[in-house]
Amino acid sequence: MTAQYSDSRLTNLIAQGTGEILKGIRGVGLLRGRELGEAGDDLAQNWIARVLEQHRPGDGFLSEEAADDQSRLDNNRVWIVDPLDGTKEFATGRQDWAVHIALVEDGVPTHAAVGLPDLGVVFKSSDVRHVSGPFAGKVAISRNRPPAVAEAVADALGFETIKVGSAGAKAMHVLLGDYDAYVHAGGQYEWDQAAPVGVSLAAGLHCSRLDGTPMRFNNKDTYVPDMVICRPEIADDVLAACAKYYEEHGSFEGVAQ
């Protein structure tokens with residue numbers, strides 16, 4: 001008989017197990033580079049899909065590594081996952097990669113976990129608080145396409161920008177107090193954001209689009225142009241800086257020089 005797990009427990013165990021799988025295949029050193037990244041994506045995806053098929057067969061599913069079955073749109077419970085967020089970082093031996101697992105109900109993440117396996121930690125919406133106290137004076141941004149709007153936000157706050165890999169890693173380091181905000185523009189997908197947003201909201205951080213619109217998931221179009229996760233004390237200032245940038249440039253697009 002299949003063991004019965006609560007949604008919260010299942011979310012956390014999937015994030016933990018996925019991280020262990022990925023660390024295991026990298027640790028033995030038999031694959032490198034692109035082959036290692038592809039193997040990590042495939043194996044983690046297969047395991048997560050099998051777990052959910054056994055334990056939550058009636059729920060919808062959306063993953064970066066699987067074809068989009070749009071029957072999920074008719075389901076109010078949808079698992080949105082990225083088995084390996086930051087494949088390049090994982091494959092090149094960096095630590096800033098993550099595992100994203102979120103259960104979204106009626107568009108809102110109700111249970112979420114972000115694993116940072118190389119740090120040996122899983123951040124869980126069921127038990128998380130953000131670090132308060134002095135500001136770090138730093139804004140986390142994309143390593144690959146640093147957005148100009150993030151530089152504008154940092155300038156307005158008197159902060160500096162720091163390039164980090166995975167979206168999950170950036171968000172969780174805001175939670176830890178290493179950075180004060182994570183500002184992204186230039187596009188992501190729901191699997192990049194659902195779990196980090198779910199954990200961050202549970203921790204008391206501010207999460208929204210750059211224009212202040214609340215985050216909603218399980219949309220037909222899974223592309224999301226932008227996002228901000230930040231300490232609540234500076235949310236108004238961050239959004240004001242974003243609004244000023246938009247007024248001056250007509251969009252949030254643009255890569256920092």
Side-chain angles (χ1 to χ4, degrees), residues 5-15 18 45 48-49 51-53 55-83 85 98-115 122-130 166-168 170-172 174-175 181-232 235 238-239 242 252:
Y5 295 96
S6 68
D7 289 333
S8 176
R9 180 67 172 153
L10 184 60
T11 302
N12 299 341
L13 286 174
I14 293 174
T18 304
Q45 165 65 29
I48 293 169
V51 168
L52 290 175
E53 183 178 353
H55 292 276
R56 294 295 187 273
D59 291 353
F61 185 60
L62 174 65
S63 171
E64 179 178 17
E65 303 303 328
D68 183 4
D69 179 355
Q70 295 207 343
S71 66
R72 64 180 171 80
L73 298 172
D74 299 319
N75 200 320
N76 70 328
R77 287 172 50 95
V78 178
W79 293 84
I80 301 181
V81 309
D82 191 344
D85 185 57
V99 174
H100 295 180
I101 309 295
L103 173 60
V104 169
E105 299 183 76
D106 297 319
V108 177
T110 52
H111 301 281
V114 174
V122 175
F123 296 89
K124 310 164 185 175
S125 61
S126 57
D127 181 22
V128 67
R129 294 176 62 185
H130 76 275
S166 157
K170 288 190 276 283
M172 294 306 98
V174 174
L175 188 153
Y182 164 30
V183 177
H184 183 80
Q188 288 177 325
Y189 291 89
E190 292 192 7
W191 48 77
D192 295 307
Q193 299 182 353
V197 166
V199 173
S200 297
L201 286 172
L205 295 173
H206 169 87
C207 303
S208 73
R209 296 278 304 279
L210 295 186
D211 64 1
T213 303
M215 308 296 294
R216 300 284 295 185
F217 299 97
N218 193 33
N219 299 293
K220 182 175 182 179
D221 183 356
T222 60
Y223 178 80
V224 188
D226 51 66
M227 177 181 68
V228 57
I229 296 175
C230 67
R231 288 179 53 162
V238 168
L239 293 177
C242 290
F252 292 123

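Scanning both residues, W191 and V81, for their nearest heavy atoms gives CB-O, 3.2 Å. Across every non-hydrogen atom of R72 and F61, the tightest pair is CD-O, 4.0 Å. The minimum heavy-atom distance linking V122 with A15 is given by the pair CG1-CB, 3.9 Å. In terms of heavy-atom proximity, H111 sits nearest to T11 at CB-OG1, 3.6 Å. Between P109 and A194 the shortest heavy-atom distance is CG-O, 3.7 Å. Scanning both residues, S63 and Q45, for their nearest heavy atoms gives OG-OE1, 2.6 Å.
Shown here are the salt bridge (charged side-chain N to carboxylate O under 4.0 Å, His left out) partners of D7, two or more places apart in sequence or in another chain: R56, R77.
Judged by distance alone, with hydrogens and angles left aside, the side-chain atoms of E64 form no donor-acceptor pair with the main-chain N or O of P83 at under 3.5 Å. Proximity of a side-chain donor or acceptor of H130 to a complementary backbone N or O of A203 within less than 3.5 Å is detected.
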Dump the intermediate steps for side-chain contact (heavy atoms from CB on, under 4.5 Å) on L10 and V51, then the final yes or no.
CA-CA 9 Å; L10 184 60; V51 168; 4.1 Å; yes

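For the atom pair OG (S200) and CE (M215), the distance works out to 10.5 Å, reported to the nearest 0.5 Å. Distance OG1/T222 to CG/L62: 6.0 Å, rounded to 0.5 Å. Rounded to the nearest 0.5 Å, atoms NE2 (H100) and CD (Q193) are 10.0 Å apart. Distance check, rounded to the nearest 0.5 Å: CD of E105 to CH2 of W79 gives 9.0 Å. Annotation: the span from T110 atom OG1 to L103 atom CG amounts to 4.0 Å, rounded to 0.5 Å. Note that the CG atom of D226 and the SG atom of C242 stand 8.0 Å from one another [nearest 0.5 Å].
Counting heavy atoms from C-beta on, the side chains of I48 and I101 come closer than 4.5 Å. Considering only heavy atoms from C-beta on, V228 stays 4.5 Å or farther from R209 through its side chain. Residues V199 and K124 have side chains not in contact (no heavy-atom distance under 4.5 Å, counting atoms from C-beta outward). Residues D59 and L52 have side chains not in contact (no heavy-atom distance under 4.5 Å, counting atoms from C-beta outward). The side-chain heavy atoms of L239 and S208, taken from C-beta on, include a pair separated by under 4.5 Å.
Among the candidates N75, D69, D74, the single residue satisfying the side-chain hydrogen bond (donor to acceptor under 3.5 Å, both in side chains) test with S71 is D69. Checked options D192, D85, D82; the residue passing with S166 is D85 (criterion: side-chain hydrogen bond (donor to acceptor under 3.5 Å, both in side chains)).
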